[in-house]
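Working notes, beginning with the structure itself.
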Amino acid sequence: MAQTTLPKETEQKIYQMWEEGGYFKADPDSEKKPYSLLMPPPNLTGKLHMGHAMQHSILDALARFKRMQGYDVLLLPGVDHAGILFEGTLNKQLAKENLSKQKLGRDAWMEKAWAFKEENYNAFHNTWKVIGVSADWSREVFTFQESVQQSVVEEFRKFWDQGLLYKGAYIVQWCPKCGTAIEDLEMEYEERKEKLYYVKYAVEGKSEEFVTIATARPETIFADSAIAVYPGHPEFQQYVGSLVINPLTGAQIPVIEDKRVDKDFGTGALKITPGHDPLDYEVGRDHDLPMFHAIDKTGHMTHLAMYGDGKDDTMEGFTITEARSRSEAILQERGAIEKIEEYTHSVPVCERCKTTVEPLVSEEWFVKMKDIAAKAIEHIGEINFAPKHYEEMLSDWLSKIHDWSISRSLWWGHRIPVWYCENSNPGHKVGKDQDLVISFAKPEVACSCGAQNWVQDEQVLDTWFSSGMWPLVTLGWPEKTKEFTKYFPFDFELTSPDIRYLWIARMIMLALHFEDSIPFKNMFFHGRLLDLQGRKFSKSLGNGIDPDELREAWGTDAMRMTLYSYSAPGRDAKVNRQIMDERCKSYRNFATKLQNLARFIYELKPEETDGESSGQHEDDTKMRERMQGVIKEVTGYIDGFQLHLAVDTLYSFVWHEFADIYVESTKSRRAQAQETLEYIFSTSLTLLHPFMPFVTEDIYQRLYPEEARKAPLMIKTWPK
RNA sequence: GGAGCUAUAGCUCAGUUGGUUAGAGCGUUACAUUGACAUUGUAAAGGUCACUGGUUCGAGUCCAGUUAGCUCCACCA
């Protein structure tokens with residue numbers, strides 16, 4: 001007796017049969033009405049996990065359902081190059097071989113990167129195919145393939161022509177480990193117990209008078225350019241306009257007043273360090289304060305970290321942690337510390353590598369988002385969200401949007417397609433008149449110096465700059481291909497709620513901006529599978545469940561059914577391996593039930609009619625009516641993306657209404673009921689196919705060899 | 001500080017538009033077994049649907065509030 005729903009080899013054979021039959025392929029030339037589904041491209045790191053298995057199972061069920069309903073279905077697959085994540089993962093691996101970006105250099109590193117890409121990429125295909133995804137593999141897209149690179153250049157060029165791009169030195173969140181700017185959305189906060197230092201700044205000319213500030217980061221005192229107090233500070237107001245002495249550098253800095261200083265925090269006075277804090281950056285800008293950098297992009301102290309005139313009075317090269325304790329010691333020595341408090345606060349860390357993020361000023365590219373977001377807000381109602389309330393959440397976020405920082409100091413990504421004339425000293429300002437060309441390849445024209453001394457911008461684009469275009473680039477944008485005409489906007493897209501702002505909001509904005517259209521008609525947010533404590537599955541926690549293991553243990557169809565049972569829109573579920581096994585087991589048993597029903601109904605068919613009239617018994621009529629009801633219910637549930645209800649309905653109908661009650665009741669009048677038995681069973685098989693494609697196809701092939709020779713169950717007409 | 005989600009059987013979850021005795025899987029208990037199926041069947045135990053109030057002929061379902069948990073956004077000198 002089989003342990004799984006079907007032997008692996010049988011599943012493989014069936015998949016191969018489908019694929020060779022060309023049933024996965026969309027046909028833009030066909031007369032059939034289109035139904036297009038877009039696979040969220042998994043990140044090119046590691047293997048596919050339970051969340052992917054969930055997404056792909058849902059997509060596949062819908063695709064199969066629509067195909068059976070006679071649509072020309074396009075299930076478009078692809079993979080995301082996952083800029084920062086991929087680069088981080090690769091660098092970690094390289095570190096084990098004692099290699100690094102620096103050691104390898106760009107070209108050698110890229111070679112490694114492409115090899116790593118291949119490795120991951122192939123692993124993806126295996127998982128996809130074994131779980132039965134009926135995607136049109138001939139149209140698969142990788143976000144870093146050349147055609148997409150060309151599309152991204154067009155995207156960039158259009159933004160530029162529309163005056164929506166700008167480049168400049170702004171304060172950004174910088175991850176020293178990844179070596180790049182990241183966005184607010186790519187940070188998370190870690191609660192940390194640190195110290196809050198109350199530091200005294202002596203008032204110039206009055207050695208006994210001080211302005212005291214509270215800071216958690218004494219190492220940034222080197223880059224202070226002012227002290228700000230809130231307006232009307234009872235103690236410090238009198239010093240506004242005076243100078244105070246920086247207790248580390250000895251520099252004189254002004255005391256200013258600013259209403260952004262919180263009078264309830266610390267002493268009501270704030271040191272202003274425009275180079276290393278976003279709020280200070282703004283205050284500094286508004287007060288025309290100079291900007292200093294005491295910390296560099298690698299997280300080490302710069303030459304500004306001088307606390308005396310001596311050659312050795314420097315912290316240059318110190319890490320931030322080292323500099324902090326050293327600064328504390330020096331301030332103590334100098335009597336500049338009034339007190340130190342225990343202080344628990346949240347520290348921003350890089351979501352990818354958990355390194356503390358340093359705000360600093362860097363030269364980056366930005367897209368002006370206000371108008372783009374406004375248009376998205378205007379049209380977002382045209383998208384049908386499941387669950388409904390996500391529409392408002394996205395709309396809220398869009399209304400509070402800020403400019404999008406799109407450049408990343410990485411190598412794995414779409415290179416910014418901007419070429420500067422090497423000799424024209426592009427400097428740090430980029431304006432429309434700059435000697436600059438937007439181009440995928442090196443421009444062939446002469447630049448201002450008369451030769452072709454073009455150099456390309458060193459940075460790459462944020463990975464979401466290309467994935468935000470996913471619904472467009474997968475259909476050949478900006479070309480108006482026949483695929484684009486037929487399949488855009490997509491009928492269905494889904495994702496985990498985690499990336500609704502990073503990704504979903506971007507796709508909506510970009511499609512409306514460039515094509516005046518929503519990117520998809522239905523947007524489905526599935527819930528997440530969490531561990532019993534409600535934590536996300538992660539490598540570091542080791543709490544993940546490998547979909548491959550479930551598949552091996554119970555069979556693909558059993559795993560798919562389990563995932564559908566957890567697919568209620570927007571509902572998370574807490575599971576562990578045991579709970580998943582229990583569900584899988586019940587669906588594996590269900591598959592066995594189907595096989596046994598098939599054997600009973602078809603193989604143990606009565607030879608002769610047993611004298612009963614072949615006319616229908618009252619039970620038969622009732623059963624057929626009930627079947628009609630089930631068809632309606634299931635169709636309705638799938639149309640409403642309630643796969644969990646569809647699956648539930650079929651499970652209890654087939655097992656408990658049909659097998660347990662009806663089939664039992666026909667044993668005394670078997671011949672008379674035979675026709676109805678076959679009708680109910682084959683119809684159920686058809687209805688189950690989108691969810692349990694392998695078992696149902698396998699049974700169908702055996703029971704209906706004649707029909708199956710012409711066409712598999714996969715494209716049998718959906719019952720009405 | 002702002003927003004959202006969740007609370008139903010021992011566990012994990014369903015419960016479509018408010019309508020008789022609130023469901024499933026697993027678990028528990030008793031019984032059944034040689035003609036499709038022990039990967040089974042029959043039956044049973046187990047729920048004041050978080051709490052309080054409201055709307056209604058009628059509320060797990062709608063409204064308000066309370067409590068608890070989770071998530072997101074903003075801020076964190």
Side-chain angles (χ1 to χ4, degrees), chain A residues 1-5 184-185 188-189 191-192 194 196-199 213-218 220 224 227-228 260-262 265-273 276-280 283 343-348 387 389-390 392-394 396-397 400 402 497-498 500-501 525 527-530 532-536 554-555 558 561-562 565-568 570-576 578-605 633 636-637 640 642 644-649 651-652 655-656 659-661 663-664 667 677:
Chain A
M1 278 293 179
Q3 280 273 257
T4 55
T5 44
D184 293 353
L185 286 170
E188 51 189 39
Y189 288 85
E191 190 106 312
R192 280 205 203 134
E194 293 190 331
L196 188 62
Y197 304 83
Y198 286 74
V199 182
I213 58 91
T215 182
R217 307 199 54 193
T220 64
D224 284 356
I227 296 294
R260 282 166 287 196
V261 180
D262 182 354
F265 188 91
T267 62
L270 171 66
K271 77 187 195 67
I272 301 298
T273 318
H276 296 297
D277 184 277
L279 175 66
D280 296 9
V283 173
Y343 182 50
T344 305
H345 65 150
S346 307
V347 179
H389 69 268
Y390 276 77
E392 210 183 314
M393 290 169 71
L394 282 163
D396 276 0
W397 184 81
K400 286 184 283 189
H402 42 256
D498 303 8
R500 59 183 179 268
Y501 302 130
F525 290 93
R528 295 165 308 165
L529 294 175
L530 306 168
L532 287 181
Q533 282 97 59
R535 299 174 304 182
K536 274 198 258 188
W554 304 105
M561 289 293 271
T562 301
S565 76
Y566 282 113
S567 74
R571 304 270 281 201
D572 295 345
K574 284 181 260 180
V575 299
N576 59 14
Q578 187 199 335
I579 289 168
M580 291 301 278
D581 276 337
E582 281 167 5
R583 288 236 170 172
C584 284
K585 184 177 158 193
S586 74
Y587 289 117
R588 191 274 319 265
N589 293 353
F590 181 60
T592 309
K593 195 73 174 175
L594 288 176
Q595 317 249 32
N596 279 308
L597 276 167
R599 187 182 317 151
F600 177 70
I601 295 169
Y602 293 82
E603 290 170 25
L604 304 176
K605 214 186 266 205
E633 277 176 46
Y637 287 143
Q642 305 217 280
H644 61 299
L645 296 179
V647 158
D648 205 49
T649 303
Y651 179 94
S652 68
W655 198 322
H656 303 302
D660 288 348
I661 300 171
V663 173
E664 287 303 320
K667 283 183 177 168
L677 285 168

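Letters go in sequence order (proteins before strands), and every chain restarts at 1. These numbers come from a predicted model, not from an experiment.
C75(B) and G69(B): their P atoms are spaced 26 Å apart (whole Å). Distance check on atom C1': A36(B) versus U40(B) gives 10 Å, rounded to whole Å. A64(B) and U6(B) have their P atoms separated by 14 Å, with the value rounded to a whole Å. For the P atoms, the distance from A22(B) to U61(B) is 14 Å, rounded to whole Å. Look at the C1' atom in both G15(B) and A59(B): the space between them is 14 Å, to the nearest Å. Rounded to the nearest Å, the gap between the P atom of C51(B) and that of G47(B) is 14 Å. To the nearest whole angstrom, the two P atoms, one in A45(B) and one in A24(B), are 13 Å apart. When the P atom is compared between G58(B) and G25(B), the two are found 34 Å apart, to the nearest whole Å.
Of the residues listed (E191(A), R192(A), E194(A)), the one engaging T344(A) in a side-chain contact (heavy atoms from CB on, under 4.5 Å) is E191(A), and it is the only one.
The aromatic rings of Y651(A) and F590(A) sit tilted relative to each other, their planes meeting at an angle between 30° and 60°.
Contact between the side-chain N/O atoms of W655(A) and the OP1/OP2 oxygens of G41(B) is found at a separation under 4.0 Å. OP1 or OP2 of U40(B) sits under 4.0 Å from a side-chain N or O of N589(A). Between H656(A) and G25(B) there is a side-chain N or O to OP1 or OP2 distance below 4.0 Å. Put simply, K574(A) has no side-chain N or O that comes within less than 4.0 Å of OP1 or OP2 on G69(B). Distances shown here put every side-chain N or O of R583(A) at or beyond 4.0 Å from the OP1 or OP2 atom of C26(B).
What separates OH of Y501(A) from P of A74(B) is a distance of 9 Å, to the nearest Å. In this entry the distance linking CZ of R192(A) with C1' of C76(B) reads 14 Å, nearest Å. If you take CZ of R217(A) and P of C76(B), they are 12 Å apart, rounded to a whole angstrom. To the nearest angstrom, C1' of G4(B) lies 12 Å from CG of L394(A). Put simply, CD on E188(A) is 16 Å from P on C75(B), counting in whole angstrom units. Atom CE of M580(A) and atom P of G25(B) are 18 Å apart (whole Å). Distance CG (L597(A)) to C1' (U40(B)): 12 Å, rounded to an integer number of Å. The NZ-P distance, from K593(A) to U39(B), rounds to 12 Å in whole Å.
Between Y651(A) and E392(A), the residue anchored nearer the 5' end of RNA chain B, judged by the nucleotide with its closest heavy atom, is E392(A). Ranked by how close their nearest RNA chain B nucleotide is to the 5' end, Q533(A) and S586(A) are led by S586(A).
Note on Y566(A): only backbone sugar-phosphate atoms sit closer than 4.0 angstrom, heavy atoms only; bases stay farther off. At the heavy-atom level, D660(A) lies under 4.0 Å from the strands shown only through sugar-phosphate atoms. Residue S346(A) is in base contact, counting any heavy-atom pair closer than 4.0 Å across all strands shown. Heavy atoms of Q595(A) sit nowhere under 4.0 angstrom from any nucleic acid atom. I661(A) comes within 4.0 angstrom of nothing in the nucleic acid, heavy atoms only. Counting non-hydrogen atoms under 4.0 angstrom, V347(A) reaches nothing in the nucleic acid. Residue A598(A) is out of contact with every strand shown, counting any heavy-atom pair closer than 4.0 Å. Within 4.0 Å (heavy atoms only), I601(A) reaches no atom of the nucleic acid at all. Within the nucleic acid shown, F525(A) has no heavy atom closer than 4.0 Å to any nucleic acid atom. Within the 4.0 angstrom heavy-atom criterion, only backbone atoms of the sugar-phosphate kind lie near L196(A); the bases stay farther away.
Residue R571(A) places its side chain closer to A7(B) than to any other of U12(B), G25(B), A7(B). Distances were taken from every side-chain heavy atom of F265(A) (C-beta onward) to each of C76(B), C5(B), C72(B); the shortest belongs to C76(B). Proximity note for T592(A) (side chain, C-beta onward) versus C13(B), C37(B), U39(B): the nearest is U39(B). Taking only side-chain atoms of V663(A), from C-beta outward, the nucleotide of C26(B), A36(B), C72(B) with the closest atom is A36(B). Listed nucleotides G4(B), U12(B), C76(B) differ in distance to M393(A); the shortest reach to its side chain belongs to G4(B). Of the candidates C37(B), G27(B), A14(B), A14(B) carries the atom nearest the A568(A) side chain, counting heavy atoms from C-beta on. In this structure, of G25(B), C72(B), G4(B), it is G25(B) that holds the atom nearest to the side chain of E582(A). Distance from the side chain of L532(A) is smallest for U12(B) among the nucleotides A24(B), U12(B), C5(B).
In this model, a donor atom of one side chain and an acceptor atom of the other lie less than 3.5 Å apart for S565(A) and R583(A).
Note: Y343(A) and Y197(A) fail the aromatic proximity criterion, with ring centroids not under 6.0 Å apart.
Remark: the backbone N or O of K574(A) is not paired with any side-chain donor or acceptor of Q533(A) at under 3.5 angstrom. No donor-acceptor pair closer than 3.5 Å links the side chain of D224(A) to the backbone N or O of T273(A). With N596(A) contributing its side chain and T592(A) its backbone, the two residues share a donor-acceptor pair below 3.5 Å.
Across all strands shown, G2(B) is found opposite C72(B) as a Watson-Crick or G-U wobble partner, with both distances under 3.5 Å. Searching all strands for a Watson-Crick or G-U wobble partner of U40(B) with both distances below 3.5 Å returns A32(B). Across all strands shown, U12(B) forms a Watson-Crick or G-U wobble pair, both distances under 3.5 Å, with A24(B). Checking U17(B) for Watson-Crick or G-U wobble geometry (two distances, each under 3.5 Å) identifies no partner in any strand. In a base pair of the Watson-Crick type (N1 to N3 plus N6-O4 or O6-N4) or a G-U wobble (N1-O2 and O6-N3), with each distance short of 3.5 Å, A7(B) is matched with U67(B).
Between K271(A) and D280(A) there is no salt bridge, since no side-chain nitrogen of the basic residue lies less than 4.0 Å from a carboxylate oxygen of the acidic one. In this structure, R217(A) does not pair ionically with D277(A), as no charged nitrogen and carboxylate oxygen lie closer than 4.0 Å.
Between the side chain of Y637(A) and the base of U16(B) there is at least one donor-acceptor pair of N/O atoms closer than 3.5 Å. Not a single donor-acceptor contact under 3.5 angstrom links the side-chain atoms of Q642(A) to the base of A14(B).
In this structure, the side chains of W554(A) and T562(A) stay at 4.5 Å or more apart for every pair of heavy atoms.
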